[in-house]
Structures are given as C-alpha cells and as structure tokens.
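So that the names make sense, note that chain A is the first sequence line, chain B the second, and so on, each numbered from 1.
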Protein chains: 2
Amino acid sequence: MHVSGGDLQRLRQLNSLSSIRALRDARRPLTLTELAAHTGLSRGSIVDVVTDLQERGWIAEVEPSPGGMGRPARRYRFRADAGHVLGIDIGVHKVLATITDLNGRAVASGRTSVSPGTPREQRLDAMNRAMDAALIAAGLTSDQMWGVAAGSVGVVDREGVITRVEALPDWAGTDLVGHLAARLPCPITIENDSKLAALAEQRLGVAAGVRDLVYLHAGRRPGAALILNGRPYHGFSGATGEVGLMEITGWRTMTDHLESCPAAAGAPAEDAAALVFGAARTGDPAARAAVEAYAQDLALGTAAMVLTLDPEVVVLGGGFSRSADVLLAPLREALAPHCLRVPEIRPSTLGEECVVLGAACLALDHIDHMFFSPEGALSPPTAPQRPTPA
Amino acid sequence: MHVSGGDLQRLRQLNSLSSIRALRDARRPLTLTELAAHTGLSRGSIVDVVTDLQERGWIAEVEPSPGGMGRPARRYRFRADAGHVLGIDIGVHKVLATITDLNGRAVASGRTSVSPGTPREQRLDAMNRAMDAALIAAGLTSDQMWGVAAGSVGVVDREGVITRVEALPDWAGTDLVGHLAARLPCPITIENDSKLAALAEQRLGVAAGVRDLVYLHAGRRPGAALILNGRPYHGFSGATGEVGLMEITGWRTMTDHLESCPAAAGAPAEDAAALVFGAARTGDPAARAAVEAYAQDLALGTAAMVLTLDPEVVVLGGGFSRSADVLLAPLREALAPHCLRVPEIRPSTLGEECVVLGAACLALDHIDHMFFSPEGALSPPTAPQRPTPA
DNA sequence: TCCTTTTTGATGGAAACCTCATTATGTACG
DNA sequence: CGTACATAATGAGGTTTCCATCAAAAAGGA
C-alpha cells in the first residue's frame, strides 16, 4: 500500500484513474451522476475529469438511455479498444497467440503446431508465425501492442529466464525476452504456463474471484500452480507447485496406472489416458481401478498442498480435466481422508485457451500497474515502451 | 492497489501520511528539506503539512543538529509515543502481554504462568492479569490502547474464532474477541501463534524483509506458518501449515526418536528433547543418531512445503530452535536430496518473545490500514474505537 | 567584518475542488 | 395542449492546496 500524494495534478490524475476504473469495472456506460457517486467527487469536478478523458481518448460518449424520468443523462463508456495486449502460450505441441482489448476480451488469435522434438529456433519461429497471424487477424501492428506476456513450460525465474525444463530438450536458457524484444517495443513478461492457467481460471474461469486456490495440472506432466491472497504466487525462484518431485507423492509414476491398464493396450502412450478414462466412463472395471489408483496418487501430492495452504478451491486443469466426469469423484474421495477440510474441487472450463488468456491477463495487470502508479502518466492512450536500460 | 483520489483535503491527508511515513521509516529526525525530498512536495507545502501535524500531536520538533554549514535546519521526529498497542501470547504454559509504541518498540510487559490443564476461565483470567500487569508497568489505561492482537494455539478462522485445538482440552470455541472486547474498546485481532511468530521474524527477526518464508515450529507440537508475497498467509479457514497431519511426513511420531533415546531415559517427556540435544552436543553417538532421525522426519514435511512454495528462507523456530546448533546441519542435509533449491535455513532469534512481538506487529498493521485508508481520518492521535455493530 | 551556505518566511498565482442557484430537457398528467 | 414534475447540465463565486520566486535570517569560515 503505497501512499503517494503529490500536487494538484497528481490529484486530478488519481481522480481520472478512479473514473476510468469505475467505468471499466462497471462494464456498462455510466452517467455523470453515477460516476460522481462512484468516485466521491462532486458533479462539477466529474464533468471536468470526463471531458478531459474524452479529449484524450480514454472514454467515449454513448447514446443516452431512453425512457426515464427527468432530463436524459449523458453516458460514457471505457474505450477498451483504445489498446490491446498480446498473450502467448508456448506449449509442447502448439503455440497460441491471442490479442485482447483492454477489457481482456479476445479479438484475434493465431496458432501453429510444433512437436516435443522441435528444436529451439524452429519453436521460436513458430511463435513468430502465431504472433503474426494474430496481428494480421486483428488488423494491428506490433508497435500497437501495449504489453506482451508469454507462458512457457518449465521453471521461469523473476527475470523471465527459463531455468529448468524437462519436456523440451533444448529449451532451458532460451532468451525469450530478448527474442520478443526484437519484435515488440512494449513491456514483456514471461511466466510458467501453469501459473498463467491458474490466473486465467481465477480471473475469467471456474474460480473467478476466489482468493486462495491450488491449480492442479493433471496430464502427462503433472504440475501445480497457486493463487494466494488473490494474486499469482511466484516464489523465490519460480519453482513452486513442485511437490510432485517427492518420491512419496507418487506423482512421477502415477500415469503408469493408466498406461499399463488393459484398456490402453497397444495404444501409444499419449493416447493411453484418454482410452482408459473412456473405458472407465463405460464402466470397465479394470479402467475404473486404474483411474482410482491414479487418483490415489494424485491425491497424495494434492493433500500435501491443501494441508499446507488451506485453499478455498482446487481447480482441476490440464489434459485430464477433460475427463473430470470420471476423475473428479475418485479424486475427491482419495483426498478426503488426508484433509482437515476438503476444498471444493472444480474442473477447469477454459480448456485449451487457458494459458493464452492467463497470459493476456498478466499483460493487462502489468500495464495496469504502470498506469496506476504515480510515474505512469495518464497520457493519451498509446502503447507504452519498455524503459531503455540505462 | 486501491486508487482513491478525492478532494483537496484528501490530498493534504495523503501528503500528511506520506510525511508521517517518511519520518517513521527513517527512524531519525528529518529536516524540512529532507522531508520535501522524500515526499516530492515543495518546501512551502511541507512547512504547512509539518506545522499542521505538529499542532495535532503526530510529530515533534527536536534540537537542530549542531555543526554544519549554513543556517541550522529544524528537525522533526515521529511521535511513536503518541499511541500504543497491546500484543498477547496465550501459550500452553504461559501468557505474555507486551505493550509497544507505534514504532513497535516494547515499553512494558506482563507474564503469568498456566499449565496445559488450566481450564478456560482460569486461562482467560491469567490473560487478564498479564494484561493488567503490562498496563500498570506502562502507566497506561486500557482505553489508551490503539489496538490489540492476541495469538493462541490452535486453528483461528477469519472471524477470530478458535476452531480446532489439540493442546488445550476446553479451549476450542473460546470467545476471545468477546472477552477482550469487554475490557478494551479498541480494534481486536486474533491469530494463530505460529503465524504471529513468523510475522515477528519477518518484521524484526532473522528474516527481516524476506518476501517468502516458511516458519517451522519445531517443538513438542510441530507446526508451520507462512509469509508469502511479504504478507502473512491465512488461508481460507486458517488451517495452513498442517502438512504434518499427513502420515507420510512422520511429523506425528518424530519426537519419539528423541524420547526413546537412551540419553533421555527416565526423564519426563517434556525434558527429553533438551537432554538428547545436549547429549548430541557433547558427541553422544546415540543422541546424534536420534537427532538425525528426527531431522529426517522433520525434513519430509518441510520438503513438501518447500517444493510447493519455493521460499527464500526457512526459519527454524519453536522450542527446539534453542538447539539449532545441533539440529540445523542434520536438517539441512536431510532436506537437500528432496529439494530443487535448498532455501536458506535460519534459526529463530526472537526466542520466547516471538509471538507477543508478532501480535504487536499485527495490531500495528491493523491501525496502519485504518489510518492510511481514505476513511481513517488523520485526526489528532487518539485510540481508535471498534465500529459499533449496526 | 564580510562572504558563503543553507534555511526560513512571505507573496502572488494557478489548478482543482466544492456549493448553490439557474437553466435545460425530458416524462406524466389533467 | 399546456402545466407540473423530475432529473441533468451549466455557470458563478469561493476555498483549499500547492508551486515558484525572492528577500531576509542564521550560522560558520576567511
């Protein structure tokens, strides 16, 4: 909580920001009287603030709403289309890029396919193509982007360096920031993909507004991410949610239960899980047993996190969350004996878009911090530039 | 980050708070020129603000510092003695009460002894006596307290109710808030004792300024508490750090290693640990083995938290931290094989005072939030009253 | 004694806010 | 169709707060 104060212009700036925030959060046009109520300012001052913001292009006037007593009031809306951010998901099998407006609404996206073996340069190239496709679809250029955030597999430290990654052979140490900086002048953030998925679920998804949650990435490479006190939790070096590395949790071997199930016999390892979940859905006893054994192991590591953090909600995400209908009940039952209070378990709903949307949320958060800080001027809406290193 | 804005008086209020904070954080008298630099205000405005604050009693003028070029500057200090808060630690064997000034410096304290079997009413009475002793020692009355925070064993929920406690038979459900409210008109906060110890270590102790830390309570009743993103973490229902409840951590039985050690033969269970640690210190092989076995078990649950949270520091607190000299190395070694990155492990230094000081910190935080919020007026410094329930 | 350095105090001016009275522009109703 | 009512916009006058600037004051050193 930074108390700043300042001069009269700073006060006006704060009041302008207050108005913008009110308009943005209301998600509908507001009248001057409503704005005055929201901000606590007098009517006259709100008029000043609003005409100023309108001249600068932050807000726009809309038709007065018909049918009401008294003289119809002017109404204003936040111009969410004044700027855009870019979210990127660099996955193992695909790269997604999505452009959203300042409200976080997706306006365009691009996609390219890669494989686990794709070498670094080609993966970066795939990222470039996905970005370009999204930009073209949105009809925007790269210097119109206000911010970018990219999600990647692996451990991402505070400087955005990927320090550890198992799934991709030559991906660790990739200078993602540098690579993006060459093509985009705006601020850049890199984060772990599960953390972004968790953020998306907490902002837009099944855990909207939840203060404390554990996001479980259930899939071929299990993982977890945390939202604590309402904010994404990064830890000291970014290596959070790695409880599955402990032998006693069984996370390293739990997919064996699925892959060695008769229902998956002969199929390639990456299809095994889906086949077993499908068989379990139709009642196959061996498949059900395999799912239960998997859930038992998953519950061990989950219980360790739940007992440590006492979250309100556990979000079940990752590829296996598509099979939440057969996985949820066994997981809940396996969790119960370990926990003091069993948190609500909700299957993820955002699906494949989860990480890109989370990335866009993070980029929006970043520019929010910039604009709402004392230094971040409330200039006419233009794409912020990265501060040039001194 | 709440953007508030407001009218001109609010601006003045913000600037006043900014000045108060600068004076408080500097921990030394500042000149008007220094204050102007800190707050970014012009000199003339600072004069206004300062004379205003001085009239209201928030700051005081001190002797100009001699020996310097030019005309000697007036200097002002924050009047930390303008108000006081009360911290209480309701332990199993003792009740502590400490009164600190607005800088968190202890000015007086009181102490009473209790035993695990002491029934609720007598324990509350012991608390009253400790409080009264502290008040008398400080020469203050209960209505001069600006805030109280009490730490208790057991799980404390958001409303301050003790929902679960193992160590004290009839303590769960105690209406601590109600009890304190009958004797103190100021805001009241209740929190779990380990969480307060962690807070104290992060504010005043061995982990000052650390953003993410795990506080290990190593003692006869093991536990843990978390500071995450620089703030105490409470969880949804307050039951955090309970990873020791899982069988696989071995936390429920790990003290058996110490109690069954020959070095502790014949001694009562509560002295066993100290004897074993003492024997280990002199090189007794059986005692060393017992300590190592204990450390192995302690490391399991700790590793689960470290892998989940990736903290910068683990603080070793609780009764056994007095024996950190023999416990630290085995714990560090036992932790290493499980962790991606072994956090720094630091033994607690605040000792018995830990919880009371943490309680005082929490009470200070609470009034900070009150005064620095738009509503909390910057009236002349007087004890805030609890809002009367409507 | 004079000069340099730094703080202090005073004045004028501008920005931003508030209040209150007046005017404008709709709907409702006789 | 005209009047009453309700709400919104506008404008005048006043207050608070801040800034910039400049002369005066208070020390130490030459």
Side-chain angles (χ1 to χ4, degrees), chain A residues 3-20 22-23 29-56 59 61-77 374 377-379, chain B residues 3-20 22-23 29-56 59 61-77 374 377-379:
Chain A
V3 176
S4 42
D7 58 9
L8 292 162
Q9 275 144 51
R10 169 68 177 156
L11 183 62
R12 163 58 70 94
Q13 197 187 30
L14 285 173
N15 285 331
S16 300
L17 289 167
S18 202
S19 304
I20 288 184
L23 283 174
L30 296 180
T31 67
L32 293 175
T33 320
E34 287 171 319
L35 265 176
H38 268 95
T39 56
L41 294 189
S42 78
R43 211 207 141 67
S45 303
I46 278 292
V47 172
D48 274 8
V49 167
V50 158
T51 50
D52 187 47
L53 286 173
Q54 191 177 6
E55 271 169 25
R56 295 178 188 236
I59 65 177
E61 194 170 347
V62 300
E63 292 281 288
S65 80
M69 294 290 270
R71 177 172 173 173
R74 287 176 170 176
R75 296 191 307 161
Y76 296 88
R77 67 171 176 86
L378 196 63
S379 42
Chain B
V3 177
S4 40
D7 58 9
L8 293 161
Q9 275 141 52
R10 169 70 177 155
L11 181 63
R12 164 58 70 94
Q13 196 185 30
L14 285 173
N15 285 331
S16 300
L17 289 167
S18 203
S19 304
I20 287 183
L23 283 174
L30 296 179
T31 67
L32 292 176
T33 320
E34 287 172 319
L35 265 176
H38 267 94
T39 56
L41 294 189
S42 79
R43 211 205 143 66
S45 305
I46 278 292
V47 172
D48 274 8
V49 167
V50 159
T51 50
D52 189 47
L53 285 174
Q54 192 177 7
E55 272 169 25
R56 294 177 189 239
I59 65 178
E61 195 172 347
V62 299
E63 293 282 287
S65 80
M69 296 290 272
R71 177 171 175 170
R74 286 177 170 178
R75 299 191 305 159
Y76 296 87
R77 66 172 177 84
L378 198 63
S379 43

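- No hydrogens or angles considered: nothing links the side chains of Arg74(B) and Thr31(B) as a donor-acceptor pair under 3.5 Å.
- In this structure, of dT8(C), dA15(C), dA8(D), it is dT8(C) that holds the atom nearest to the side chain of Leu32(B).
- Rounded to a whole Å, the CZ atom of Arg10(A) is 14 Å from the P atom of dA16(C).
- Between Met69(A) and Gly44(A), the residue anchored nearer the 5' end of DNA chain C, judged by the nucleotide with its closest heavy atom, is Gly44(A).
- Counting heavy atoms from C-beta on, the side chains of Asn15(B) and Thr39(B) never come closer than 4.5 Å.
- Atom CD of Gln13(A) is separated from atom C1' of dC17(C) by 17 Å (rounded to the nearest Å).
- Using a 4.5 Å heavy-atom cutoff, the side chains of Arg77(A) and Leu23(A) are not in contact.
- Between Arg12(A) and Gln9(A), the side chains place no donor N or O within less than 3.5 Å of an acceptor N or O (distance only, hydrogens not considered).
- Proximity note for Leu11(B) (side chain, C-beta onward) versus dA25(D), dC17(C), dC18(D): the nearest is dC18(D).
- Regarding Asp48(B), its CG atom lies at a distance of 11 Å from the C1' atom of dG9(C), rounded to whole Å.
- Between Asp7(B) atom CG and dT15(D) atom P the separation is 16 Å, expressed in whole Å.
- One can place CD1 of Ile46(B) at 17 Å from C1' of dT6(C), the figure rounded to the nearest angstrom.
- Atoms CD (Gln9(A)) and P (dA14(C)) sit 13 Å apart, rounded to a whole Å.
- At a cut-off of 3.5 Å, with distance as the only test, no side-chain donor of Ser19(A) or Ser16(A) sits close to an acceptor on the other residue.
- For the OP1/OP2 pair of dA20(D) and a distance below 4.0 Å, the side-chain nitrogens and oxygens of Ser42(B) include no atom meeting the criterion.
- Residues Arg75(A) and Leu41(B) each lie close to DNA chain D; by heavy-atom proximity, the contact nearer the 5' end of the strand is made by Arg75(A).
- Between dT25(C) and Arg74(A), no contact under 4.0 Å exists linking OP1 or OP2 to a side-chain N or O.
- Between the CG atom of Leu30(A) and the C1' atom of dA8(D) there is a distance of 16 Å, rounded to whole Å.
- When rounded to the nearest whole Å, the span between CZ of Arg71(A) and C1' of dT25(C) equals 5 Å.
- Between Ser45(B) and Ala73(A), the one whose closest nucleotide on DNA chain D sits nearer the 5' end is Ala73(A).
- Side-chain N/O atoms of Arg12(B) include none lying less than 4.0 angstrom from OP1 or OP2 on dT16(D).
- Distances shown here put a side-chain N or O of Asn15(A) below 4.0 Å from the OP1 or OP2 atom of dC17(C).
- Comparing Gly40(A) and Gly70(A) against DNA chain C, the residue whose closest nucleotide sits nearer the 5' end is Gly40(A).
- Note on Thr31(B): nothing from the nucleic acid sits closer than 4.0 angstrom, heavy atoms only.
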